[in-house]
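Structure first, then comments.
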Protein chains: 2
Amino acid sequence: MSTTGSNTGGTPGNTTGSTARGAEETRRALLAAAGELFTSAGYDRTSVRAIAERAGVNQSLLFRYFGNKEALFAQVVAAQGLDVLHGGPPEELLERTLRSILHRDGEATGGLFDSALRSAASSEAVDAVRDELGSAYGAAFADLTGEAGGGGEDAALRAELLLGWLLGINLLRNVFRSEAVRSADPDVVVGHVSRAAGALLGAVDSDLCDS
Amino acid sequence: MSTTGSNTGGTPGNTTGSTARGAEETRRALLAAAGELFTSAGYDRTSVRAIAERAGVNQSLLFRYFGNKEALFAQVVAAQGLDVLHGGPPEELLERTLRSILHRDGEATGGLFDSALRSAASSEAVDAVRDELGSAYGAAFADLTGEAGGGGEDAALRAELLLGWLLGINLLRNVFRSEAVRSADPDVVVGHVSRAAGALLGAVDSDLCDS
DNA sequence: GTCGCGGGTAAGCGATTGCTTACCGTGAGG
DNA sequence: CCTCACGGTAAGCAATCGCTTACCCGCGAC
C-alpha cells in the first residue's frame with residue numbers, strides 16, 4: 001500500500017501519513033502491546049483502549065484483527081508459551097525459570113507466569129493459561145522425574161507440583177512482594193529450591209545424601 | 001430496636017418489617033457475603049452491589065459501615081487469616097492446609113488462599129493479602145525448619161517458599177484445574193509434597209538418605 | 001408536640017468498558 | 001470514470017461500577 005500524498009492527519013478514516021502501515025504490522029503491534037499489558041496488569045485490568053493506544057492504532061482494529069479481547073489474550077499467552085519453549089534446552093528449564101523469577105528487578109514483569117498469575121480471576125482467561133502452562137512446562141519437567149530423569153512414576157503429577165511451586169514463588173516474590181523471598185540472595189533460594197525439587201523429582205538423591 | 005407496626009415494605013427509607021435488624025447484624029451479613037464473593041470471584045469481579053444483594057441490604061450500607069470496598073476486603077482477609085490461626089495447632093498447619101486444598105470438591109472455594117489467588121491483579125488488595133498470609137502462615141511454617149524444627153537458618157525464607165508452594169498447588173488444582181494434580185489421589189500428592197517439604201525444611205534429612 | 005439519632009432505601013453521578021457502526025482514503029482493476 | 005477491497009479513524013451504545021446524595025421511618029428524650 002503506497003503512502004504517497006500529503007499527511008491530512010486527524011481526518012476520520014485517514015490512512016495517509018504515518019498511521020497506515022499494513023495489517024501485519026498493526027497486528028504485530030497489538031500483540032506486543034497486549035502482551036505487555038496482560039503481563040503487568042492482568043486480563044481484567046487491561047482495557048482494549050489501553051492496548052490500542054499502546055500499539056498506536058484505533059481500538060476497533062483490535063476487533064477487526066482478533067475478533068475480541070479473549071481471543072487476543074489466547075494468542076498472547078500462546079506466544080508467551082512459545083517463548084518459554086524457545087528460551088533454551090528443556091533440561092535447563094527449571095533453573096532458567098527460577099533465575100528469571102529471582103533476578104526480576106523493580107517493576108519489571110515476565111511472560112507467561114505473570115499473565116497467568118494476574119489473570120487467575122478471569123474466567124475467559126483461565127483455560128488458555130492452563131493449556132499454555134501445560135504445553136510450555138509439562139513435558140520438560142516430567143522428563144526430570146525418576147532416578148535418572150527421563151520420566152518416572154507420577155511424572156505428570158510431579159511436574160505439575162514443580163510448576164505450581166515456581167508459580168507460587170513468583171507470586172510471593174514478584175506479585176505480593178513478600179519480604180523474605182524478595183530480599184534473599186537468589187543463590188540461597190536456588191539452593192533450597194533445588195534440594196527440595198530433587199526430593200520431589202527423585203533425580204538427584206545421591207547428591208542430597210552428601211549434604 | 002422495636003419492629004412493631006405494619007410492614008410497609010418498598011417505601012424508600014422504610015425500616016419496618018424484616019429489613020431492619022441492627023448495625024451489628026448488617027455488618028456481619030456484609031462481611032459474610034463479601035467473604036464468599038471475594039473468595040470465589042476475587043476483588044475485581046466482586047461488585048459492591050453483589051455483596052449487598054447477597055447480604056440482603058442496600059449497597060449504601062456497605063459504605064456506611066466499612067468506608068469503601070478496599071477496607072471491606074481488608075477486613076475479610078483479616079478474618080480469613082484468623083480462621084487459619086484458629087483452625088488447629090500450628091504444627092499441623094502444613095498437613096491441614098494441604099488436605100484442605102486436595103479435598104476440595106467441585107466449585108467449592110476456600111478462604112484466604114482463594115481470596116489471595118483471585119485478587120492478585122488488584123493493587124488495592126495486594127498489601128492486605130501479603131500481610132495476612134504472613135501472619136497466618138509465617139511463624140507456624142518457620143517453626144518447622146531446622147534439624148528438629150523450632151526454627152533454623154533461613155527460617156523465614158523457607159517458610160515463604162513452602163507457603164508459595166501451597167499457593168501454587170491450590171492455584172493449579174482449584175483455580176486453573178490442571179489435570180494431573182486435580183485427578184491424583186490426595187494421599188499420593190501428600191506423599192510427594194511431604195517428602196520434598198522435608199528436604200526444604202530440613203526436618204527429615206536422615207529419612208531421605210535411606211531412600 | 002418536636003428533635004435527634006440510628007438504621008434503612010432508591011436514585012443517580014461520572015467514569016469506564018467491550019464492542020459496533022458509519023465513515024474515509026488509497027490503489028487496483030474493469 | 002466507477003467499484004471494490006483493504007487499512008484506517010472517530011463516535012457512540014448499552015451496561016457496569018464505586019460511590020454519593022436525598023430521603024424515610026421508628027424510637028426515645030425533652
Side-chain angles (χ1 to χ4, degrees), chain A residues 1-30 34 37-38 41-53 55-73 121-125, chain B residues 1-30 34 37-38 41-53 55-73 121-125:
Chain A
M1 181 177 70
S2 166
T3 56
T4 59
S6 61
N7 185 346
T8 58
T11 307
N14 175 33
T15 59
T16 59
S18 62
T19 60
R21 51 192 168 179
E24 269 313 303
E25 176 62 16
T26 297
R27 196 179 273 116
R28 200 199 55 74
L30 284 166
L37 290 171
F38 286 140
Y43 186 88
D44 284 340
R45 291 210 168 187
T46 296
S47 70
V48 293
R49 282 173 176 82
I51 295 170
E53 181 178 351
V57 301
N58 185 276
Q59 69 171 335
S60 68
L61 292 187
L62 186 152
F63 296 94
R64 173 174 293 175
Y65 292 126
F66 296 97
N68 56 37
K69 186 183 178 183
E70 181 177 344
L72 174 60
F73 182 84
S122 314
S123 50
E124 307 94 303
Chain B
M1 182 177 70
S2 163
T3 57
T4 57
S6 63
N7 185 345
T8 60
T11 308
N14 175 33
T15 59
T16 59
S18 63
T19 60
R21 50 192 169 182
E24 270 312 306
E25 176 61 18
T26 297
R27 197 179 272 118
R28 200 199 56 75
L30 284 167
L37 290 171
F38 285 140
Y43 186 87
D44 283 342
R45 291 210 166 186
T46 295
S47 69
V48 294
R49 283 172 175 82
I51 294 170
E53 181 178 351
V57 300
N58 186 277
Q59 69 171 337
S60 70
L61 292 186
L62 184 153
F63 295 95
R64 172 175 293 176
Y65 291 125
F66 297 97
N68 57 34
K69 186 183 179 184
E70 181 176 344
L72 174 59
F73 182 82
S122 315
S123 50
E124 305 94 303

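The model shown is predicted, which means the values in this text are computed figures rather than measured ones. All chains are named by letter (A, B, ...) in the order of the sequence lines, taking the proteins before the strands, and each is independently numbered beginning at 1.
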*Output, in order, the C-alpha distance, side-chain angles, deciding distance and verdict of side chain to side chain contact (heavy atoms under 4.5 Å, CB included) for E124(A) and Y43(A).*
CA-CA 9 Å; E124(A) 307 94 303; Y43(A) 186 88; 3.6 Å; yes
*Taking all non-hydrogen atoms of both residues into account, name the closest pair between A121(A) and A41(B) and its distance.*
CB-O, 3.7 Å
*Rounded to the Å, how far apart are E25(B) CD and dG6(C) C1'?*
16 Å
*Which whole-number value in Å describes the distance from L61(B) CG to dC24(D) C1'?*
13 Å
_Inter-axis angle, terminal five-pair segments of the helix from dG1(C)-dC30(D) to dG30(C)-dC1(D) [nearest 10°]_ = 40°
*asked:* One pair to check against side chain to side chain contact (heavy atoms under 4.5 Å, CB included): L72(B) and I51(B). What are the steps and the verdict?
replied: CA-CA 10 Å; L72(B) 174 59; I51(B) 294 170; 3.9 Å; yes
*asked:* For a quick test of reading the model, state the closest non-hydrogen atom pair linking T46(A) to K69(A) and the distance between them.
replied: O-NZ, 2.7 Å
*Base, backbone or nothing for each nucleotide of nucleotides 17-22 of chain C, written B, S, -, heavy atoms under 4.0 angstrom, 5' to 3'?*
BBBBB-
_Please tell me if Y65(A) has a side-chain N or O lying less than 4.0 Å from either OP1 or OP2 of dC6(D)._
no
*Do you know which two heavy atoms are closest between L30(B) and A52(B), and how far apart they sit?*
CD2-CA, 4.1 Å
List the atom pairs, donor and acceptor, that lie under 3.5 Å between side-chain atoms in residues 56-67 of chain A and the rest of the protein, sequence neighbours left out.
residue	atom	partner	partner atom	Å
N58(A)	OD1	S60(A)	N	3.0
N58(A)	OD1	S60(A)	OG	3.2

*asked:* Taking side chain to side chain donor-acceptor pair (under 3.5 Å) as the definition, give me every residue that meets it alongside E70(B), ordered by chain and number, with sequence neighbours left out.
replied: none
*Could you give the CZ-to-P distance, from F66(B) to dC19(D), as a whole number of Å?*
14 Å
*Can you name the residues that form a salt bridge (Lys or Arg N to Asp or Glu O under 4.0 Å) with R28(B), not counting sequence neighbours?*
E25(B)
Atom pairs under 3.5 Å, N or O on each side, protein against nucleotides 3-5 of chain D: can you list them with distances?
none

